[in-house]
Amino acid sequence: ANAVIENPTLFNQLPPTAKAKVIPELNRRGFKQFGKPLSDTAIKQINESEVGLASLKDLRQILQEFEPYIGPIAGLSALNPYSEARKAEARIDAVRQRVGKALEGGVLRKEDEEKYKKILATLRDEPTTAIFKVDGLIKDIERQMELFLNSQSAAGRDVTGQGQPKRPPGVPANAQFDPATNQWVEP
């Protein structure tokens, strides 16, 4: 393992049996890029989680944008077909579908849809409760993704670059993504 750490190109020259012995030690030391590639199923699960997270972040923004139409009384304005609340409700329903499909593996059954109506924010929630629901789900999905990636890594899979936002153009190569601020920062 020490030789591979000092000269990573040696890893590609190792026979498969030697790689299998070295990978767990490299992973234990924090070098995750030497594992086997992720399975298609694992990649699909990660992508679905990322779609769910992105959709929840969209929902949070929608809730902030349409805050005047959210609440136990204000939410009733969605019954008026000419109200801006109808637009908010349509956008919330679309996000609910995307989040539900992402978290349910692409298939959203009728009972799943009812479950997500209770779990996700609605126009009839008090605004701080609506944001609280969304933030809680974001944290839950991020935690599940972290645990999944850790278990994949512990099994000798290469998880580098997974579960992180893609670097946008113009962001320096040495910048790291800070999930707390949701921004790229240079060390």
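Numbers for residues simply follow the sequence, beginning at 1.
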- Verify side-chain contact (heavy atoms from CB on, under 4.5 Å) between Leu108 and Tyr116, making sure each step is shown before the conclusion. CA-CA 10 Å; Leu108 195 60; Tyr116 285 102; 4.1 Å; yes
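- Heavy-atom neighbours of Asp40 CG from other residues, nucleotides or ligands within 6.0 Å: at or below the threshold of 12.
- Note that the CG atom of Asn7 and the CD atom of Gln13 stand 7.5 Å from one another [nearest 0.5 Å].
- Side-chain atoms of Arg157 come within 3.5 Å of backbone N or O of Pro37 as a donor-acceptor pair.
- Residue Ala121 comes nearest to Leu63 through the heavy atom pair CB-CD1, 3.6 Å, listed as atom of the first residue, atom of the second, then distance.
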- Task: Evaluate side-chain contact (heavy atoms from CB on, under 4.5 Å) for Ile46 paired with Glu50, printing each intermediate quantity in order.
- Result: CA-CA 6 Å; Ile46 292 166; Glu50 288 174 341; 3.9 Å; yes
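- Across every non-hydrogen atom of Pro127 and Gly71, the tightest pair is CD-CA, 4.3 Å.
- Taking CZ from Phe132 and CG from Leu137, the interatomic distance works out to 10.5 Å, rounded to the nearest 0.5 Å.
- Rounding to the nearest 0.5 Å places CD of Gln97 at 11.0 Å from CG of Leu120.
- Applying the side chain to side chain donor-acceptor pair (under 3.5 Å) criterion to Lys133, with sequence neighbours excluded, gives Asp125.
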- Intermediate values then yes/no, side-chain contact (heavy atoms from CB on, under 4.5 Å), Val99 and Arg96: CA-CA 5 Å; Val99 169; Arg96 181 183 307 117; 6.0 Å; no
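- Every salt bridge (Lys or Arg N to Asp or Glu O under 4.0 Å) that Glu84 has, sequence neighbours left out, goes to Lys87.
- For Lys117 and Glu114, the salt-bridge test passes: some basic side-chain N is under 4.0 Å from an acidic carboxylate O.
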- Task: Could you give me the CA-CA distance, side-chain angles and deciding distance for Gln64 and Arg60, then say whether side-chain contact (heavy atoms from CB on, under 4.5 Å) is met?
- Result: CA-CA 6 Å; Gln64 290 170 333; Arg60 192 176 202 292; 2.6 Å; yes
